[in-house]
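First the structure, in the form of structure tokens, and then the observations on it.
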Amino acid sequence: MPLVTSTEMFKKAYDGGYAIGAFNVNNMEIVQGITEACREEKAPVILQVSKGARAYANHTYLVKLVEAAVIECPEIPIVLHLDHGPDFETCKSCIDGGFTSVMIDASSKPFAENIEITRKVVEYAHDHGVVVEAELGTLAGIEDEVKVEHGAASYTRPEEVEEFVSKTGCDSLAIAIGTSHGAYKFTAAQCTRNEKGVLVPPPLRFDVLEEVSKRLPGFPIVLHGSSSVPQEYVKMINSHGGKMPDAVGIPEEQLRHAAELSVCKINIDSDLRLAMTGTIRQFFDEHPDKFDPREYLKPARANIKELVRHKLVDVLGCAGKA
């Protein structure tokens, strides 16, 4: 099937109590690992491209990689989505360039300005058959060019969501309930330590999510900054020359609970990068004489595939939903 929008995906996810995995991509191996796992698990998927990924890999190369995935995996629905579009021009470029979904992130702007910018993108996107994700509230952390200090993050205000959705016409809404961008999502001071001495992040604000859901019944909600930062890959990186102390992610059981509510899209980014980096570091430690990229990227791709499979089955609950 050709690339699709997320409209039907989200309706089924909302009604079915699961979420669609939205995975950031920037090279061939990541695209392959994600889509091969989705094909085998019969799961719908959203492939996301950020402004930084477009700068790194080039818009055309990324679109063609996703189009190749569509050809190789014709039995699963695939959305090509712009993640954290910073302005109208970037969103327009992606809409004109083959994307089926875009996010306009004007969450750092005042409420009225966020509405104005989002509505402009929505009008253009809908005229071209493309859907729009918007954001209310700001997440802490770093993702490409999105950088928000922990003290500057703010939870979504449920009392604003009805007006925002009504005035913008957006198709889904990213909210802030305590997730955070990047692998270093929380400071040590924000966490507690369990009996094993492992850092435990503060719980997500499900009260905010539930209030938003009451005000927007049936409307798809999105969570950004939802990588779990698998500790086996953090350990793999640190065991092979890396330095990533106190990298902590969102507990997977909390993400599964969010997927059972109104969250229809969960963004996963850092986990894939950790899997790729850890695998490559270990490969070179064990094979210092190797130099062929095909030899070290092959196991990296395989680990990405298995990580995505785990997310589809155990966290998102979307396996078998294609």
Side-chain angles (χ1 to χ4, degrees), residues 1-16 19-25 31 34-35 38-39 43-51 53-54 57-107 114-136 164-174 216 218-222 224 262-267 318 321-322:
M1 66 178 74
L3 285 169
V4 300
T5 70
S6 55
T7 302
E8 189 64 22
M9 276 188 190
F10 287 170
K11 184 179 185 304
K12 291 179 178 178
Y14 194 102
D15 294 341
I20 309 299
F23 301 95
N24 284 69
V25 301
V31 171
I34 295 166
T35 54
C38 291
R39 180 183 61 197
V45 67
I46 297 171
L47 299 180
Q48 299 194 145
V49 172
S50 65
K51 179 183 177 182
R54 291 177 81 224
N58 180 284
H59 174 103
T60 303
Y61 280 107
L62 290 168
V63 170
K64 294 305 179 183
L65 281 173
V66 174
E67 289 177 354
V70 170
I71 294 171
E72 291 297 315
C73 307
E75 60 272 58
I76 62 170
I78 299 175
V79 173
L80 176 55
H81 174 75
L82 170 65
D83 189 28
H84 286 290
D87 49 45
F88 174 81
E89 290 72 22
T90 303
C91 292
K92 181 180 183 299
S93 175
C94 290
I95 293 165
D96 295 342
F99 284 53
T100 55
S101 175
V102 297
M103 177 195 185
I104 174 63
D105 182 3
S107 60
N114 189 353
I115 288 176
E116 180 183 359
I117 295 169
T118 301
R119 184 171 58 231
K120 182 179 180 181
V121 172
V122 168
E123 290 172 353
Y124 188 83
H126 285 183
D127 283 345
H128 292 76
V130 173
V131 295
V132 178
E133 173 188 329
E135 183 167 341
L136 266 181
F164 184 85
V165 169
S166 174
K167 288 186 174 179
T168 63
C170 64
D171 302 283
S172 61
L173 183 65
L216 297 174
F219 194 80
I221 301 302
V222 175
H224 284 249
S262 58
V263 172
C264 298
K265 173 176 177 270
I266 293 179
N267 288 20
C318 62
K321 305 299 184 180

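Quick note: residue numbers are just sequence positions, from 1.
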Distance check, rounded to the nearest 0.5 Å: [X] atom [atom1] versus [Y] atom [atom2]?
X	Y	atom1	atom2	value
Lys51	Cys94	NZ	SG	11.0 Å
Phe164	Ile115	CZ	CD1	6.5 Å
Glu135	Ser172	CD	OG	10.5 Å
Lys321	Cys38	NZ	SG	14.5 Å
Leu62	Leu65	CG	CG	6.0 Å
Thr118	Phe88	OG1	CZ	12.0 Å

Consider side chain to side chain contact (heavy atoms under 4.5 Å, CB included). Of Leu82, Ile104, Thr168, Leu173, which one does Val132 pass it with? Ile104
Donor-acceptor contact present, side-chain [X] to main-chain [Y], <3.5 Å:
X	Y	result
Tyr14	Gly218	yes
Thr100	Leu80	yes
Ser6	Met9	no
Ser93	Glu89	no

Which atom names give the shortest non-hydrogen contact between [X] and [Y], and what distance separates them?
X	Y	answer
Val70	Pro2	CG1-CA, 4.2 Å
Asp171	Val131	OD2-CA, 3.4 Å
Pro44	Cys318	CD-O, 3.7 Å
Val102	Cys91	CG1-O, 4.1 Å
Thr5	Gly129	CG2-O, 3.6 Å
Glu75	Ala322	O-CB, 4.3 Å

Close side-chain approach of [X] and [Y], heavy atoms under 4.5 Å:
X	Y	value
Val25	Ile34	yes
Val49	Leu47	no
Arg54	Asn58	no
Asp96	Tyr124	yes
Cys264	Phe219	no

Taking the basic N atoms (NZ, or NE/NH1/NH2) and the acidic carboxylate oxygens, is any pair closer than 4.0 Å for Glu67 and Lys64? yes
Using 4.0 Å as the upper bound for N to carboxylate O, is an ion pair formed by Glu133 and Lys265? yes
Centroid-centroid distance, Phe99 to His59, less than 6.0 Å: yes
Go through Arg39 and Thr35 one step at a time and tell me if the side-chain contact (heavy atoms from CB on, under 4.5 Å) criterion holds. CA-CA 6 Å; Arg39 180 183 61 197; Thr35 54; over 6 Å; no
Exercise: do [X] and [Y] side chains pair donor with acceptor under 3.5 Å:
X	Y	value
Thr90	Asp87	yes
His224	Asp105	no
Asn24	Asp83	yes

Go through the steps for Phe10 and Ile46 under the test side-chain contact (heavy atoms from CB on, under 4.5 Å), then give the verdict. CA-CA 11 Å; Phe10 287 170; Ile46 297 171; 3.9 Å; yes
Stepwise side-chain contact (heavy atoms from CB on, under 4.5 Å) check, Val222 with Asn267: CA-CA 8 Å; Val222 175; Asn267 288 20; 4.0 Å; yes
I would like to know whether Val79 and Leu3 meet side-chain contact (heavy atoms from CB on, under 4.5 Å); could you show each step before the answer? CA-CA 6 Å; Val79 173; Leu3 285 169; over 6 Å; no
